[in-house]
Amino acid sequence: MVYISPSILSADLLALKEQVLAAEQGADFIHIDVMDGHFVPNLTFGANMVKALKSFTSIPLDVHLMIEKPELSIAQYIEAGADIVTVHQEACTHLHRTLQTIKQLGAKAGVSLNPATPVSTLEHVMDVVDLILIMTVNPGFGGQTFIQSGLEKIKQAKQLIVKTGRSILLEVDGGITSQTAPLVVAAGADTLVAGNAIFAQKDIPKAIQLIRDSII
Ligand code: DX5
Ligand code: ZN
């Protein structure tokens with residue numbers, strides 16, 4: 001089973017509701033990229049966006065926090081309706097504690113790695129992780145080119161996950177298309193984020209199907 005998580009970063013904000021409803025035909029999660037203009041050089045949505053989406057969609061919300069000091073606002077995102085909260089390893093001084101807090105507040109706890117961050121940095125938090133997100137672009141923008149070295153990291157993360165014997169999602173984000181999707185799935189990924197390849201396309205359900213068909 002491979003899950004698809006369309007990223008609203010590439011959606012038309014003036015038609016967001018219609019586009020998310022269109023994505024419901026095929027999507028497993030809706031991916032919300034929260035950027036603070038500090039951790040990444042771009043500024044996007046906050047907890048009120050999560051709340052607005054939650055008001056009309058029943059698809060689980062996959063919230064990717066590209067922000068510094070995420071521990072200060074995790075509770076807000078969960079209260080707003082986030083089902084998965086993913087923080088960046090690079091942004092957390094006390095990563096283990098932050099992941100524990102996410103779980104205690106009732107959401108699934110995800111941790112993301114920038115392209116330059118080794119998978120080994122997660123060895124000692126595997127007991128509290130529900131999702132590992134491997135970035136295959138440098139975070140901050142949609143529509144960038146897939147970084148090939150991410151494939152090796154997906155394989156390494158998969159090995160770490162298998163060793164735990166727990167069910168932990170392995171998500172990939174950045175440059176996912178019908179060309180790169182089969183590569184990341186072959187490497188071990190089970191959850192694919194795609195922005196440009198879904199929301200920048202005219203027919204959103206068809207764009208999701210195209211990615212699905214590429215991995216069968
Ligand atoms: C990038 C974001 C991604 C982004 C992916 O920093 O985390 O979720 O929306 O966009 P694409 O799929 O266009 O590379
Ligand atoms: Zn993302």
Side-chain angles (χ1 to χ4, degrees), residues 2-13 16 19-20 23 26-47 49-50 53 59-68 70 77 82-91 102 107-117 130-151 153-154 157 169-185 189-202 204 207-212 214-215:
V2 173
Y3 301 111
I4 297 187
S5 188
S7 164
I8 62 161
L9 187 63
S10 297
D12 173 356
L13 289 187
L16 186 61
Q19 292 205 339
V20 169
D28 301 288
F29 304 117
I30 295 294
H31 187 83
I32 304 165
D33 287 305
V34 175
M35 304 186 188
D36 66 353
H38 292 277
F39 181 70
V40 288
N42 197 3
L43 188 63
T44 57
F45 322 113
M49 174 60 91
V50 176
L53 290 168
I59 295 200
L61 301 179
D62 168 25
V63 177
H64 179 190
L65 297 179
M66 285 161 277
I67 62 176
E68 284 172 7
Y77 288 94
D83 297 278
I84 302 169
V85 174
T86 298
V87 295
H88 265 262
Q89 185 275 349
E90 304 85 0
I102 296 171
K108 289 207 180 300
V111 58
S112 181
L113 299 179
N114 281 337
T117 308
D130 297 309
L131 176 149
I132 293 177
L133 170 53
I134 304 291
M135 290 304 300
T136 41
V137 296
N138 286 296
F141 303 94
Q144 302 182 83
T145 306
F146 180 83
I147 297 172
Q148 292 286 335
S149 58
L151 290 172
K153 290 176 68 181
I154 296 165
L169 292 171
L170 181 49
E171 187 174 51
V172 179
D173 186 3
I176 297 300
T177 63
S178 54
Q179 278 77 48
T180 54
L183 307 177
V184 299
V185 170
D190 51 46
T191 306
L192 311 182
V193 176
N196 222 55
I198 294 177
F199 280 117
Q201 309 305 312
K202 269 210 187 83
I204 290 168
I208 296 173
Q209 193 57 46
L210 193 69
I211 295 176
R212 263 198 210 290
S214 75
I215 52 186

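Values reported hereafter were calculated over all heavy atoms of this structure, with side chains retained and with hydrogens, waters and symmetry mates removed. Throughout, residue positions are numbered sequentially from 1 according to the sequence presented. We count ligands from 1, going down the list as the structure has it; atoms in each ligand are counted the same way. Small disclaimer: the values here were computed from a predicted structure and weren't measured.
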Go through ligand 1 atom by atom and flag the ones less than 4.0 Å from a non-hydrogen atom of [X].
X      : value
Leu9   : 4 (C), 9 (O)
Phe141 : 1 (C), 6 (O)
Met66  : 6 (O), 7 (O)
Asp33  : 2 (C), 3 (C), 4 (C), 7 (O), 8 (O), 9 (O)
Pro139 : 6 (O)
His64  : 7 (O)
Asn196 : 11 (P), 12 (O), 13 (O)
Gly174 : 14 (O)

Quiz item: So how far is it from Thr191 OG1 to His31 NE2, rounded to the nearest 0.5 Å?
Solution: 11.0 Å
Quiz prompt | Separation between CG of Asn196 and CD of Gln201, rounded to the nearest 0.5 Å | solution = 6.5 Å
Quiz item: Angle subtended at the Zn ion (ligand 2) by OD2 of Asp173 and OD1 of Asp33, to 10 degrees?
Solution: 170°
Without swapping roles, check the side chain of [X] against the backbone of [Y] for a donor-acceptor pair under 3.5 Å.
X      : Y      : result
Ser7   : Ala194 : no
Lys153 : Thr117 : yes
Asp173 : Met135 : no

Heteroatom proximity flag, [X] to ligand 1, N/O under 3.5 Å:
X      : result
Met135 : no
Ala197 : no
Ile176 : no
Val193 : no

Self-check item: Exceeds 12 heavy-atom contacts within 6.0 angstrom, atom CZ of Phe141
Solution: yes
Self-check item: Minimum non-hydrogen distance to atom 8 (O) of ligand 1, winning option of Ile32, Asn114, Val172, Asp173
Solution: Asp173
Exercise. Establish, from distance only, whether the side-chain atoms of Asp33 and Thr44 form a donor-acceptor pair under 3.5 Å.
Key: no
Please list the nearest protein heavy atom to [atom] with its residue and the distance rounded to 0.1 Å.
atom                    : answer
atom 14 (O) of ligand 1 : Gly175 N, 2.8 Å
atom 10 (O) of ligand 1 : Gly142 CA, 3.6 Å
atom 12 (O) of ligand 1 : Gly195 N, 2.8 Å
atom 13 (O) of ligand 1 : Gly143 N, 2.8 Å
atom 6 (O) of ligand 1  : Gly140 N, 2.7 Å
atom 9 (O) of ligand 1  : Ser7 OG, 2.7 Å

Exercise. Just grab all the side chain to side chain donor-acceptor pair (under 3.5 Å) pairs involving residues 140-149, residues at least two apart or on different chains.
Key: none
Quiz item: His88 vs His64 aromatic rings, parallel, tilted or perpendicular, using cut-offs 30° and 60°?
Solution: parallel
Quiz prompt | Sub-4.5 Å side-chain heavy-atom contact between Ile134 and Leu170 | solution = yes
Self-check item: the Zn ion (ligand 2) - name of the N/O/S atom of His64 that sits closest to it
Solution: ND1
